[in-house]
Amino acid sequence: MTDVKQLASRTRSFVEDRVIPLEDVADGDVHAAGGEWLRADLQEQARRAGVFAPHVPLPLGGLGLGMTERAPVFEAAGRSLFGAMAINANAPDEGNLHLLERVVTGEQRERYLVPLARGEVRSAFAMTEPPPGAGSDPAGLTTTARRDGDSFVLDGRKKFITGADGAGFLIVMARTSGAPGDSGGATMFLVPADRPGVRIGRHVSTIDRSMLGGHCELELNGVRVPEQDVLGEVDEGFRYAQVRLGPARLTHVMRWLGAAQRAHEAAVEYVSRRSGFGRALARHGMVELMVADNEIDLAATRSLLLTACRALDEGRPGREETSLAKVFGAEALHRVADRAVQLCGGAGVSSDLPVARIAREIRPFRIYDGPSEVHRTSLARRAVRRYGANEPVAGAS
């Protein structure tokens with residue numbers, strides 16, 4: 001049985017000794033730091049250090065940690081923007097592995113799941129589309145998959161597909177029935193990235209730079225996928241997406257919690273040794289307020305995270321718990337990083353400290369894997385069902 005506390009400590013030491021120096025030199029830009037070569041080198045070092053793939057099931061060569069167990073380990077890895085990549089827990093691979101582990105059958109396991117678990121390939125999850133296609137509302141899905149004999153033929157365009165450039169395979173969401181706007185009719189397909197008709201387009205330029213493979217545009221032109229590469233059941237793609245999204249949202253929180261904690265520590269160290277107006281900055285009331293608010297946001301995020309992790313470990317869907325943790329975590333950790341920048345003044349917006357790059361990388365988390373506003377809508381509707389009047393109020397619209 002894995003000693004989680006010890007593993008988290010080893011992971012932190014590995015990240016601080018081997019990973020953070022490479023991040024610092026490249027200011028958090030993974031491609032400038034070495035891209036695919038960097039990933040392979042760090043993952044080999046992680047294997048030797050015994051911190052590789054903590055979330056991967058034991059039969060697949062990992063350490064088999066549950067959601068609650070992996071929280072402190074992923075947080076330790078997240079102290080570096082490259083840390084999750086180094087232990088093979090980066091997005092979107094970590095979420096895709098969770099999905100594949102629960103849904104793949106037979107040959108799919110050996111062809112797709114095993115190489116992903118070993119770090120031999122990367123993957124991408126291709127659902128988001130340019131307007132008017134699927135985005136925050138997946139029901140807008142326009143990519144089509146028509147049956148042709150014992151195969152499906154995929155056509156469509158995707159956008160913001162994280163990690164697509166250099167991925168070994170894609171999990172593509174396409175419509176097999178219904179029309180855009182319908183809540184059902186989607187199917188997931190396993191598609192090798194070198195399949196004829198798959199074209200990786202431009203990297204969409206975004207403020208974050210730590211995601212290997214970029215956020216890409218993708219074209220599918222007559223891509224033929226044999227029936228045996230359907231992931232799960234036909235027309236059940238949206239249901240399978242929920243299998244992936246809950247855990248993936250929480251592991252995002254874990255990783256960014258580690259980054260925000262590092263930014264906070266750097267800021268506290270800075271204000272403790274920097275003086276102004278006759279005393280250390282850390283002794284000024286406004287500075288103390290920001291430091292205390294960071295402590296509160298970090299502690300509250302951990303609490304909501306662990307509550308959601310326990311729900312998933314107990315086999316419950318945990319949709320409300322994961323939404324609470326994701327929304328609060330994304331916004332609280334952004335506040336932590338932003339305060340860290342402010343606390344450090346001019347140094348806070350420079351590459352001399354890690355706080356600027358951490359603030360830059362955390363900001364998109366309020367959008368990725370479901371914008372805060374979409375989660376708030378779901379939380380509000382659950383609250384109305386739980387506490388609202390059974391009968392509509394007269395005159396209410």
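Atom CD of Gln342 has 12 or fewer heavy atoms from other residues, nucleotides or ligands within 6.0 Å. More than 12 heavy-atom neighbours from other residues, nucleotides or ligands sit within 6.0 angstrom of CZ on Arg102. Summarising the local packing, CZ of Arg10 is surrounded by more than 12 heavy atoms from other residues, nucleotides or ligands at distances under 6.0 Å. Heavy atoms from other residues, nucleotides or ligands lying under 6.0 Å from CZ of Arg381 number 12 at most.
With Phe189 as the partner, the ring-ring contact (aromatic ring centres under 6.0 Å, His included) test is satisfied by one option alone out of Phe152, Tyr240, Phe169: Phe152. Considering Arg335, His334, Arg302 as possible partners of Asp297, the one that fulfils the side-chain hydrogen bond (donor to acceptor under 3.5 Å, both in side chains) test is Arg335. Among Leu220, Asp229, Leu154, the single residue meeting the side chain to side chain contact (heavy atoms under 4.5 Å, CB included) criterion with Arg195 is Asp229.
Here the side chains of Leu100 and Leu190 are in contact, with some heavy-atom distance below 4.5 Å. The shortest distance between side-chain heavy atoms of Ser123 and Ile171 does not fall below 4.5 Å. Side-chain contact between Arg109 and Leu60: present, with at least one pair of heavy atoms (C-beta onward) separated by less than 4.5 Å. By the 4.5 Å heavy-atom criterion applied to side chains, His264 and Glu295 are counted as neighbours. Considering only heavy atoms from C-beta on, Leu22 comes within 4.5 Å of Leu42 through its side chain. The shortest side-chain heavy-atom distance between Met254 and Glu94 does not fall under the 4.5 Å cut-off. Here the side chains of Val287 and Leu343 are in contact, with some heavy-atom distance below 4.5 Å.
Taking every heavy atom of both residues into account, Pro72 and Val4 meet most closely at CG-CG1, 3.7 Å. Closest approach of Ala77 to Ile87, counting heavy atoms only: CB-CD1, 3.7 Å. Nearest heavy-atom pair, Val56 versus Ala117, reported as atom, atom and distance to 0.1 Å: CG1-CB, 3.8 Å.
Under a 4.0 Å N-O distance rule, the pair Glu36/Arg39 qualifies as a salt bridge. The existence of a salt bridge linking Arg249 and Asp369 is excluded, since no basic side-chain nitrogen approaches an acidic carboxylate oxygen closer than 4.0 Å. The pair Arg310-Glu321 fails the salt-bridge criterion, with no side-chain N (NZ, NE, NH1 or NH2) lying under 4.0 Å from an Asp/Glu carboxylate O. Under the 4.0 Å criterion applied to side-chain N and carboxylate O atoms, Glu227 and Arg147 are assigned as salt-bridge partners. Using a 4.0 Å cut-off between charged side-chain N and carboxylate O, Arg357 and Asp24 make a salt bridge. Classification of Glu331 and Arg376 as a salt-bridged pair holds, one side-chain N sitting under 4.0 Å from a carboxylate O. For Glu219 and Arg157, the salt-bridge test fails: no basic side-chain N is under 4.0 Å from an acidic carboxylate O.
Between atom CE of residue Met188 and atom CG of residue Leu231 there is a gap of 6.5 Å, rounded to the nearest 0.5 Å. Interatomic distance, CE of Met67 versus OG1 of Thr322, reported as 9.5 Å (0.5 Å rounding). In this structure, the separation between CE on Met127 and CG on Leu170 is 14.5 Å, given to the nearest 0.5 Å. Taken to the nearest 0.5 Å, the OG atom of Ser323 stands 11.5 Å off from the CG atom of Leu304. Atom CZ in Arg12 sits 12.5 Å away from atom OG in Ser80 (nearest 0.5 Å). Within the model, atoms CZ of Arg118 and CZ of Arg47 stand 10.0 Å from one another, a figure rounded to the nearest 0.5 Å.
Between the side chains of Tyr368 and Asp208, a donor-acceptor pair is found at a separation under 3.5 Å.
A donor-acceptor pair under 3.5 Å is formed between the side chain of Arg175 and the backbone N or O of Ala139. With hydrogens and angles ignored, the 3.5 Å screen pairs a side-chain donor or acceptor of Glu129 with a backbone N or O of Thr142. Although no hydrogens or angles enter the test, the distance criterion places a donor-acceptor pair under 3.5 Å between the side chain of Arg262 and the main chain of Arg79. The closest donor-acceptor contact from the side chain of Gln108 to the backbone of Thr105 lies under 3.5 Å.
Ile161 is not connected to Met173 by any chain of hydrophobic side-chain contacts under 4.5 Å among Ile, Leu, Val, Met, Phe, Trp and Tyr, and they are in different clusters.
Under the 30°/60° scheme for interplanar angles, the aromatic rings of Phe365 and His252 are found to be tilted. Ring geometry, His203 versus His31: the interplanar angle exceeds 60°, so the pair is classed perpendicular (tilted spans 30 to 60°).
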#### Entry: Steps toward salt bridge (charged side-chain N to carboxylate O under 4.0 Å, His left out) verdict (Asp27, Arg360)
CA-CA 11 Å; Asp27 194 28; Arg360 174 192 81 206; 3.7 Å; yes
